[in-house]
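A note on names: the letters A, B, ... follow the listed sequences, proteins ahead of strands, and every chain is numbered from 1.
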Amino acid sequence: MKEALEERFRSAIAGLLEERGDSGAPPAFAIEASRSPQYGDFACNAALVLGKRLGQPPRAIAERLAAEVRNASDWVERVEIAGPGFVNVWLRDSRWQDLLGTILEEGQRYGTSKVGARKRVQVEFVSANPTGPLTLGHGRQGVLGDCIARLLDATGHDVTREYYFNDGGRQMRVLGESVRARYLEQLGRAAAPPTQAFAAADSAWPVEIDGLPVVFPRDGYQGGYISEIADSLRREHGDGLADEPGDGVFRKTAEERIFSEIRKTLTELGIEFDVYSNETSLYEDGRIDATLRDLRVKGLVYEKDGAVWLRATDLGLDRDRVLVRKTGEPTYLLPDIAYHRQKFERGFDTVIDVQGADHIDQFPFVVAAVGALGVEADRVELVMHQFVTLTEAGRQVKQSTRRATYVTVDELISRVGVDVFRFFMVQRRAEGHLDFDLDLATETDWKKNPAYYIQYAHARTCGIERKALEQGVSLPDANSVGASALVLREEIEILKKVAEFPEVLARAGAAREPHHVSYYLRDLAGLWNPYLQDRTHHRIVSNEAELSRARLGLARAVRTVLANGLALLGVTAPEQM
RNA sequence: GCGCCGGUAGCUCAGCUGGAUAGAGCACCAGGCUUCGAACCUGGGGGUCGGGGGUUCGAAUCCCUCCCGGCGUGCCA
């Protein structure tokens, strides 16, 4: 729709430039869906952009352009000049009506495109280490990453969803120690540290209480799930594990149990990964050593204070970073570099890291390092998201990882359901904070819950189709729909809206911003629900057979777009509610 | 201190590759259903787009500066 118009303007502009002997590149201009019907279907700002270059008043230029566009009278209805020099274009209704057949024909495919050119894209997200249940931040990241992946899929990319976790480091060891401590406490061989000892990092930490040693690590995991794992180990093995190290069976069991819980949560959320990868495998196949060696060859590595450093300042960063601690154990940075390098060895054209704001500092170091090792750094993208706060009864609910008083994804899902959870999580753009309004999400008067507005528009449309079938009216197909009966202004407006869908997906995918999809769907439902509401003017199934067919076709088109859009958000499109 | 992200209606937020009277949901006010198309609809009030400067024919959008909030600035991840 827009492309043809754009072409028209382009050639008109070329003509004007040529006239003046201007052989420079044509300027960038915009054709946008007009914000108001009084400005037509599309508005073009080319005349304003050209004003200075041609040394003529924009409105005069607009006249010339308008004349040119008017020539396409088989599909252009009217062209006007308005304001400082906008060219507003009205298309003939048939231009919009013709779209209906296309949508009915394409069905589930409508909206998808090939702009991705089958480029291989990896989306890495969640990547939470299995030290505890997924928190709201992970939940947001999961939904965000998943929606980006769905969007890239729909726009013709070859997508791999990947979850990477650090299973080799200190964190997992502390996890094992935490479980071991709880195990020994349950056997009466150790004392639990008092809760207030956790309050601050510098508060007193007892070595023993009542003659029993305190073995719980200072930075251990305090959640109740740790005790549960310890409890089940105790039931299976009695006191037989008392002399086991924390890094062995305790760690392994905890990792397995927690990871399996995480996967369960993700599955429940409708998130499936193609690849799970971990740090250990990078050690095993020698990639960690190789990466360090190659960095060293590049002269980017030096020793200081017994540790091995990355000379990041040579790569334009503000400080150097430790790659290998003086204990001989790498920091997370080195495996991260090795991992990102491996991504490109695996043949991805583009790699997208979805990360929380707390990891943002890490990213430039990884990009700089893999860049130094020969990877074109602009092929690594970062999608950063801020954290999630929870508001209930008008107040913010305090979240503390340290005290394990955070709300988990599981808990929230059980309160609001997967659809509402996903919808709320993907409704905001990633860079901003996300306030999850529990009052709205669990609104007792759930008519107010914005997540349902779009679903309801879909459900009631299905209801109309059911009713038509009950009455013996068959649903039209692309050939029989007869869209020219759709002549009302509001019907054309709806057609224009569904026409935007492919563009919305392409733009949202390119920008890695799925929230545009939810706003678009809200807009569409915001045209459709009122249309359906007015049964006197817009009765879908009436005794006028031709009009009924056309309107049922319109209903099917809207239903298709709503369903396709909701699918991209991972939200169900119910046939009844 | 420095870096990144935010500051738009009472609240939560879209709009930010510059465009014409700044939008939505919730809340509030006034209306519409014997739920077979009301989980909806109609109308209304509500704004120094954090402040100030600049670039531009035109700025919520770009630049500078200041203020406020979050995150980071680890030999934690």
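Residue ring and base: A:F387 does not count as stacked with B:G70 (centre distance below 5.5 Å and interplanar angle below 30° not both satisfied). No aromatic stack links A:Y519 and the base of B:A24, using centre distance under 5.5 Å and interplanar angle under 30°.
When heavy atoms are screened at a 4.0 angstrom cut-off, A:I540 is found touching base atoms of the nucleic acid. When heavy atoms are screened at a 4.0 angstrom cut-off, A:Y39 is found touching base atoms of the nucleic acid. Looking at heavy-atom distances under 4.0 Å, A:V541 makes contact with a base. The residue A:N45 sits close to a base: some heavy atom pair falls under 4.0 Å. A:A43 comes within 4.0 angstrom of a base, heavy atoms only. Counting any heavy atom pair closer than 4.0 Å across all strands shown, A:H359 reaches a base atom. Residue contacts shown for A:E513 are absent, as no nucleic acid heavy atom lies under 4.0 Å away. A:N88 comes within 4.0 angstrom of a base, heavy atoms only. Residue-level contact check: A:R170 touches the backbone only, with heavy atoms under 4.0 Å from sugar-phosphate atoms and none from bases. Among the protein residues, A:A82 comes within range of the nucleic acid bases, having at least one heavy atom under 4.0 Å from a base atom.
Going from the P atom of B:U61 to that of B:A20 covers 13 Å, rounded to whole Å. For the C1' atoms, the distance linking B:C40 with B:G45 amounts to 23 Å, nearest Å.
Among B:G19, B:C75, B:C4, the nucleotide with an atom closest to any side-chain atom of A:D305 is B:C75.
For the pair A:Y453 and B:C41, the criterion of a side-chain N or O lying under 4.0 Å from OP1 or OP2 is met. Proximity of A:R460 to the phosphate of B:C40: no side-chain N or O atom is located under 4.0 Å from OP1 or OP2. Put simply, A:R35 has a side-chain N or O that comes within less than 4.0 Å of OP1 or OP2 on B:A20. Side-chain nitrogen and oxygen atoms of A:H515 include at least one within less than 4.0 Å of the OP1 or OP2 phosphate oxygen of B:G15.
If you check the side chains of A:H385 and A:Q141, you find a donor sitting under 3.5 Å from an acceptor. A donor-acceptor contact under 3.5 angstrom links the side chains of A:T536 and A:D534, judged on distance only.
Along RNA chain B, the nucleotide closest to A:G432 and the one closest to A:N166 are compared, and the more 5′ of them pairs with A:G432. Place A:D437 and A:K326 on RNA chain B by their nearest nucleotides, and A:D437 ends up nearer the 5' end.
Taking 3.5 Å as the limit, the base of B:G3 and the side chain of A:D318 contain no donor-acceptor pair of atoms between them. For A:Q533 and B:C40, a side-chain-to-base donor-acceptor distance below 3.5 Å is present, hydrogens and geometry of angles not being considered. Residue side chain A:Q427 does not reach the base of B:U12 through any donor-acceptor N/O pair under 3.5 Å, judged by distance alone. Between the side chain of A:Y332 and the base of B:A77 there is at least one donor-acceptor pair of N/O atoms closer than 3.5 Å.
A:F421 is not listed as a side-chain neighbour of A:V426, based on a closest heavy-atom distance of 4.5 Å or more.
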Steps toward side-chain contact (heavy atoms from CB on, under 4.5 Å) verdict (A:K497, A:W528): CA-CA 10 Å; A:K497 197 72 194 173; A:W528 186 235; over 6 Å; no
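Atom pair A:R140:CZ and B:C5:C1' shows a separation of 11 Å (rounding to whole Å applied). What separates CD of A:E32 from P of B:A20 is a distance of 9 Å, to the nearest Å. One interatomic measurement links the two molecules: CD of A:Q386 to C1' of B:U12, which rounds to 16 Å at whole-angstrom precision.
Aromatic pair A:Y163/A:F259: centroids less than 6.0 angstrom apart. Checked against the 6.0 Å centroid criterion, the rings of A:Y456 and A:Y453 do not qualify as a close aromatic pair.
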